[in-house]
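To start, the structure under review is shown below, and the notes come after it.
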Amino acid sequence: MAGQEATEENAIDTPYDSTDADSVGRVKHTSLAHDTEGWHALETTLQCLLMLITGIGSAFAVEVTPGLLRLIYRACSHTNRFVREVSYLICGEIAEVLDSESLLVYGEDISFYIANGLTDRWCQVRYSACVGCRKFMSKLNIKAECYYHRLLPRLFINCRYPAEGVQIYAKDTWKMMFGASGRDYLSKVIEDTAGFMISQCLIDDQSVREAACHSIGEISTKLEPSIIEIYVPSFINVLTTCFKDHSWTVRDAACIALSNLVSTHMEQCTERIEDLHSLWLFSLSDSVWSVRETAAIALSTVAKNHQGTLSVCVSTINEWLPLVIQQPNDTQDDEHDEKLHTNRPTYPCCDLSSSKHSHSLDHNRVPEYWEKSDGALWLLREISNVSSESIEPCMKLLPKVAEVQHFRNYYKFLETYWKVVPVIMTNLGKKKFKRYMDSLLPGLYRGLKDEHGLVQSCACDATRLIHKYVGANIFRAHCDSEVPQIISVLPQDVL
């Protein structure tokens, strides 16, 4: 028994070596236990400790010793995510029960482990670390500023983390701690923030890469340009890498972040603007519709401050919009063909990393004609808000492309078509739009009686918006003149 007690005492008194782990959630260990199972006794014990600290309150402060904290720190880096989750909650409760002076004594280590938790690959662990972070900073108040270089970049990225619970709690913490002065505090630690964001854009977790891209985009627009100008080249390089990511959510985030960066630092980006155009145009023909929409928004954002980008956008619309007519007829292809659904990439549902898969998107993929035309529609919508005069020649192309129904995905194209037309109408203005309204009515008639529900629904919405914008009498007069039969398929509230 004496030998056993001595062994346990030595284990407690032995400082924890942080080099045992290369990063939180990826601890080097020899155990074969899966990180989502087992360790029930340890987790339960930590839960009991958490409840004890919460129940006893400030009286527990005398029990907070270096030996206890070393055990908690080891648990914070445990291979099991449930153990780590409870451990960060304990860190928060310890911060609650200690007075600010005592907390400062242990502040360096506690802030270090909380910062690690804020970058954990499991969102539940991140959330508990956010809870601990809020309690730690709230207790120290202004005295916590010496730890901001470590905590602020990680808390900031969690404000854009895809997991909604983490994002909301992090944003509330940010508002609670900094109010309207958040950008001032972030500017003070911009060197640590920039380096951290760049590193997170390259990590093996698509959710983290997405959040990092969003964060860089926000930094670009919220902080003074002079503060981040020395980091602009590095930001462009890492966002360009994310632009080619296999995950569409990362590509989406990188696309808009890069446009924000370029629009606020145009002089530094002029030399690379042509390369960036090619990236945005590649995303404009992406297989995911929301990426195409985001690429259009990104291009229009840059076009507001760069005439060359505006010219590229207009020429792209003129070139790409008619391509849908050339889309091959594939309506006879058997969509149940085994070859279309076998030997495709697979992704484990619990594997949050991308270590087994390349981050890079296959840029040899040839976009379909209709995808390019769909991207041109989104771009037409956005550029109409930047320069309505520039897109007037493009309006002549709209009536013809509304006739397509010869390929399997035609309904996706027409759905986009009738989503963007009302927005273009508003941006052009009533007087200009009336010049093109008659030519659009035949396509509207076909959309209203289309057999596909999505096309029909979008056409109905467009009809209501056009009817309201130009006025009931004018709309009815144009219908009677151009397409009298449209009256039979108009929505009841438009008749």
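Just so it is clear, the structure is predicted and the values come from calculations on it, not from any experiment. Computed from heavy atoms alone, side chains included, the values below leave out hydrogens, waters and symmetry copies.
Considering only heavy atoms from C-beta on, Gln456 stays 4.5 Å or farther from Lys449 through its side chain. Within the 4.5 Å cutoff, side-chain heavy atoms of Met395 are placed close to those of Leu398. Side chains of Val421 and Leu377 form no contact here, defined as non-hydrogen atoms less than 4.5 Å apart. Considering only heavy atoms from C-beta on, His467 stays 4.5 Å or farther from Leu490 through its side chain. Looking only at side-chain heavy atoms (C-beta outward), Ser481 and Asp438 stay at 4.5 Å or farther from each other. Proximity of Arg272 to Asn237: side-chain heavy atoms (C-beta onward) are separated by under 4.5 Å at one or more points. Between Leu223 and Ile219, the closest side-chain pair of non-hydrogen atoms falls below 4.5 Å.
Of the possible donor and acceptor atoms, none in the side chain of Arg292 sits under 3.5 Å from a partner among the backbone N and O of Trp378. Under a 3.5 Å cut-off, the side chain of Thr270 and the backbone N or O of Met266 do form a donor-acceptor pair. Remark: side-chain polar atoms of Glu371 are paired, donor with acceptor, to backbone N or O of Glu368 under 3.5 angstrom. At least one donor-acceptor pair closer than 3.5 Å links the side chain of Arg251 to the backbone N or O of Asp245. A donor-acceptor pair is defined here as one N or O able to donate and one able to accept, closer than 3.5 Å; such a pair exists between the side chain of Ser285 and the backbone of Phe282.
Aromatic pair Phe156/Phe196: ring centres not closer than 6.0 Å. Aromatic rings of Trp370 and Tyr410 (six-membered ring for Trp) have centroids beyond the 6.0 Å cut-off, not under it.
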Do any side-chain atoms of residues 176-190 form donor-acceptor pairs under 3.5 angstrom with protein atoms, and if so which ones, sequence neighbours left out?
| residue | atom | partner | partner atom | Å |
| --- | --- | --- | --- | --- |
| Arg183 | NH1 | Lys222 | O | 3.3 |
| Ser187 | OG | Arg183 | O | 2.6 |

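For Asp120 and Arg84, the salt-bridge test passes: some basic side-chain N is under 4.0 Å from an acidic carboxylate O.
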Q: Show your working on side chain to side chain donor-acceptor pair (under 3.5 Å) between Thr416 and Asp374 and close with a plain yes or no.
A: CA-CA 7 Å; Thr416 301; Asp374 188 87; 2.7 Å; yes

